[in-house]
Amino acid sequence: MYKQNWRCLLPNIKFIILGVLCGAVIGGVIYTFILSNVTAVAVVQTGRIGEHDAYGNNSGVQLLAEQVQRFETAEAIATKLGEPKLSQQLAGRHYGGEGKLRARLITDGELIEIRVTLRDQDLAISAAETAAQIAVDQDLKMFTNLRSIYERRLVQLSKESDSANQLQLGLLTKNTLESKSSMADVLEKLIKINDESTRLMVTMSEPNMREPSIFSHAKLTRPVVSGLWSAVLLAALAGGAVGYALGLGRQK
Amino acid sequence: MHEAGRILEGAAVRDRSSFTNTAKIPTRESLACRCRNGTSLLMAFLALQLSSIGYYYYYVNEKGYLPSPFIHDKFDTFMDLYNTMYWAEIEGRYTDWGSVYPPINFLILRIIEWLSYPVGLVGGSPDIRAENLSPALGMVLLHLVAPIWVVAQRGWADFSMAQRGLIAAITSFSPIFLFSAERANLIILALFLLPWLFSEDSEDAHPWILAILINLKPYFALLLLAYLFSGDLRRFLQATAISGSIFLATGLLLDPNFPVFIGNIASFAGNESVLSGRGVLSVPASLSAFSYAINSYMKMSQAPGLHESILAAMPSLIEGVKWITLSFAVFALYAGRITMKVTEAFFLLLLITINAGVWAGGYSQIFYLAAVPVLFRTEHKLILLSLALLIFLPLDLITLHVGAPEKVASFLFAGELPTSKTLGVVEMTWQLGLGSFVRPILNTILILVFSSMLIFRARSTKNREITNHV
C-alpha cells in the first residue's frame, strides 16, 4: 500500500557519513565549551526561631541568597582560596560578575542551594563549600542577635517573675481587703509572665529553633551526559539523523 | 488488492483535486452576494467579540481580576512565561522542576531573557515578572500578530481580504486566544508554523515543520501518524529523524540532564495531581475535563453518600464516550486513507491529540485557526467551520454556576493595566461559564462530523469506481 518503493527508504550512505562527521565535530565543540564544566552543589540550612528566620521575618532567606551572590562574597571566596580570578567569575551577573555561582531557595525557603559551575572540579567544590560556610557565618550572626533578644527577654521575665513572687509573699502576710485585691492583680501578672516564658522556651527549643548549618557539603553533580564520548556520540547520532533525512529527501 | 488499490488511488487523486469542482459553478453575482453575506456575518461576530472585551475590561476595573474563563489562580497571570524563563537560567529544570518543555523552548527563552534582562535574573519567577513586563507584553503582541500571519498565507485565497481581516480579529479577541495571552504561553509560536503544515503547497517542507513543532510541543508527535495512514513512510522517517536530531542538538546545547525530559513527559500524562479541577475547566477542549473535575471534586468532598451517587459513575461514562469518539476517529483515518489528503489527516490527528486528555491544555484550540483552509475545502465546510467558529465565541459570558467568594491575591489588581506591577488581595468568586460546558461537546461533534465525512467519502468513491469499472 505504501507509495514508495522500499528501496527509496534505504539511507543514502554519503549523507549519513557526512552528517555523522559534522555531528561528531559539533559534539566535540559543545563538550569543550559547555559540557566540560562541572557543577558543585552545597546546601545550607538557614537559622530559624519559631516562625521567623534569623533575620526576624520570613523573607530574609531570599536576602541571604542574594548576599551569597554579591561581589563581596565572591571576593572573600577568591581570597580564601587564593584564586583572584574567582571574584569576577563567581559574582552574580547583576553584580557585575559572570554568574558562575548561583544561590536559590529550595523547599519553601528552609534551604538555600549553592551551585558553582567551573572547569576545575576541585576548585568548584572548594568554592561551593566556602560559599556555604560564608552563608552559614552570615546567617549565624543574625541568628545569634535574634537569639540574644529572646534570651534577654527570658531573663527579664524571670526577674519580673521573682519580683512578683516577692510581692505575693508580702501580700500574703497582710491579709487585708486591699491586699486581697492587689493579690488578684499580682496573680494575673504572674500568669501572663508564665505564659510568655513558656511560649518563649517552646520557641527556643528544638525543633522550633534551628541553628544555621551546612545541610549538605559541596559535592559534584553527576549529569546524564557527562563525558566527551557520550556528547560526541549523541551529536553524531543527531548529525546522522539529519543526514538520513536529507538523503531521503533527495531519493526519487 | 493491487488492482482495486490502483483504481481507488486513481479515484482518490481525482477526488482530492475536484472537491471544489463537483458543485455547480457559481456565477460572479452569486459569489459576490455570498461574499457580502459572509462578511456581514463575520462583522456581527466581531462585534460580539469586542463586546466581550469591553466586559472583561469593565470586570478588571471593577473587581480587580479577570473573570472566567481565565485561569482560576489570579496571581498567576503571565506565569507560564516567567516560571519557564526562570528555569531557562537555572540548572535542575529537568531533575528538580521535572519540566516537560523540550530543550528548544528553554533556548528560545534564554534569548528572550538575554534581551529583557541584560544583567541576569534576580530572585524567583514572581520577582522577574515584577521587574520587567516587556517579555509578557511581547507574548501578548504575538497573540495579536499570529492570526494576521495565519490569514495572510496563500492557503486563504478562498477568502476576501476583508474576510481574512475579520477572521483574524475575531480569533485574536476570542476567549481562547485571550486565555493563551493571559498565560503568556510559548504555544503561540507553534501557530506561526502550523499554516505551512496545513498547506498543500509545501509538502516537502512538512517533515521539517512537524519536527520543529514536536520540539516546541511534544504532543505534535501524534501527527506523525498522518504519514503512516496516508502511506508516506519516507516523510514519516524524515520527520522522525529530524525531530530526534533537533532534540539531541538542543538538549546538548542546553543541559547535560536533557534525557531526563523523556521520563518527565511519560509521567506527566498520567499525573492527576498537576492541575486543579477548576483549572481544567477554564477553556476545556476535551470531555476528560469533566471527568477530571468530577474526580477532583470527589476526592475533596466529604458529602455522605457521594461515592454511591450517580456522580461517581459519571467519570467512567464520560471517558467511555470520549474513547469511543477517538476510536471512531482512528477508524476514519484508516478507512479514509486512500481518499484523504495528508493535511486532513493532520487536522484529525490534531483534534485527537487535543481531545485525548486535559494535558494538551484548552489553549491548544488556537490551532484550529490554521486549519480553516483545510476545513473550507471539504464537503461539509459549512458545518465544520460553524463548529470551529462556535468554539471561538465568548460563550463564557453566560454564567452557569458561581462559587463562594474567597480572598485571593490578584496580579492585575490596582487598575493600572497593562503595566501594573503591584499585587493586591481581592474578593474573587469563581464562575463556570457556558463555554466550559459547551466547548468539549463542540470538539466531540467536530471529531465525529470530520471522521464521518472521511468514511463516507471513501465509501462513495469506492462504490462509484467499482460501478464504473463494472
Side-chain angles (χ1 to χ4, degrees), chain A residues 1-6 8-9 11 19 23 26-27 30-31 33-35 37-39 41 62 65-66 69 92-99 102 104-106 109 113 115 117 221-227 230-249 251, chain B residues 1-2 5 8-9 86-87 89-92 94-96 113-114 117-124 127 131 204-205 207-208 211 227-263 337-338:
Chain A
M1 67 172 268
Y2 290 110
K3 283 183 227 166
Q4 288 87 20
N5 187 321
W6 281 98
C8 292
L9 303 176
I26 292 168
I30 290 176
Y31 179 82
F33 289 101
I34 301 171
L35 297 176
N37 288 328
V38 290
T39 302
V41 178
Q62 180 67 54
E66 276 305 312
Q69 297 177 87
R93 273 168 59 202
H94 49 293
Y95 297 116
E98 292 172 27
R102 293 198 70 102
R104 70 179 179 101
L105 276 57
I106 53 174
E113 182 195 73
R115 278 177 179 261
T117 305
T221 56
R222 294 191 181 280
V224 178
V225 182
S226 53
S230 52
V232 169
L233 195 72
L234 286 172
L237 186 66
V242 171
Y244 178 63
L246 285 173
L248 280 181
Q251 300 274 19
Chain B
M1 153 69 205
H2 295 299
L8 290 176
E9 204 162 309
Y86 170 78
W87 284 100
E89 182 72 17
I90 307 279
E91 276 185 53
Y94 293 120
T95 47
D96 300 351
E113 186 217 310
W114 285 334
Y117 304 87
V119 292
L121 303 178
V122 184
D127 303 313
E131 190 187 332
D204 280 340
W208 295 86
Y227 288 130
L228 291 184
F229 280 111
S230 59
D232 196 346
L233 199 56
R234 185 172 66 98
R235 289 203 175 103
F236 170 79
L237 291 172
Q238 266 187 313
T240 310
I242 299 161
S243 62
S245 61
I246 292 174
F247 175 68
L248 287 174
T250 52
L252 284 170
L253 277 171
L254 177 78
D255 187 337
N257 285 314
F258 77 95
V260 178
F261 159 82
I262 295 163
R337 67 194 183 281
I338 300 292

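All values below come from the heavy atoms of this structure, side chains included, with hydrogens, waters and symmetry mates left out. Here is the naming used below: chain letters follow the sequence lines, and residue numbers restart at 1 for every chain.
Pairing each heavy atom of Ala245(A) with each of Ala241(B), the nearest pair is CB-CB, 4.3 Å. When all heavy atoms of Pro256(B) and Leu35(A) are compared, the closest pair comes out as CB-CD2, 3.7 Å. Here the shortest heavy-atom pairing between Leu252(B) and Val225(A) reads CD2-CG1, 4.0 Å.
Distance check, rounded to the nearest 0.5 Å: CD1 of Ile242(B) to CG of Leu248(A) gives 9.0 Å. Here the CG atom belonging to Leu121(B) is positioned 7.0 Å from the CZ atom belonging to Arg93(A), to the nearest 0.5 angstrom.
In this structure a side-chain-to-backbone donor-acceptor pair under 3.5 Å is missing from Arg102(A) to Ile90(B).
If you measure heavy-atom distances from Leu234(A) to chain B, the contacts under 4.5 Å come from both the backbone and the side chain. With a 4.5 Å cut-off on non-hydrogen atoms, Thr117(A) touches chain B through its side chain but not through its backbone. For a residue to count as touching a neighbouring chain, one of its non-hydrogen atoms must lie under 4.5 Å from one of that chain's; by this rule Phe236(B) does not touch chain A. Only the backbone of Tyr117(B) comes within less than 4.5 Å of a heavy atom in chain A; its side chain stays farther off. For Asn257(B), the parts lying under 4.5 angstrom from a heavy atom of chain A are both the backbone and the side chain. For Pro207(B), no part lies near chain A; criterion is any non-hydrogen pair under 4.5 Å.
Taking chain A as the reference chain and counting heavy-atom pairs below 4.5 Å, the highest number among Thr240(B), Asp96(B), Asp255(B) is found for Asp96(B).
The pair Glu89(B)-Arg104(A) fails the salt-bridge criterion, with no side-chain N (NZ, NE, NH1 or NH2) lying under 4.0 Å from an Asp/Glu carboxylate O.
Sorted pairs that involve residues 233-243 of chain A and meet salt bridge (charged side-chain N to carboxylate O under 4.0 Å, His left out), not counting sequence neighbours, are lacking altogether.
For Val41(A), the side-chain contact (heavy atoms from CB on, under 4.5 Å) criterion is met by Thr39(A), Val43(A), Glu113(A), Arg115(A), Thr221(A), not counting sequence neighbours.
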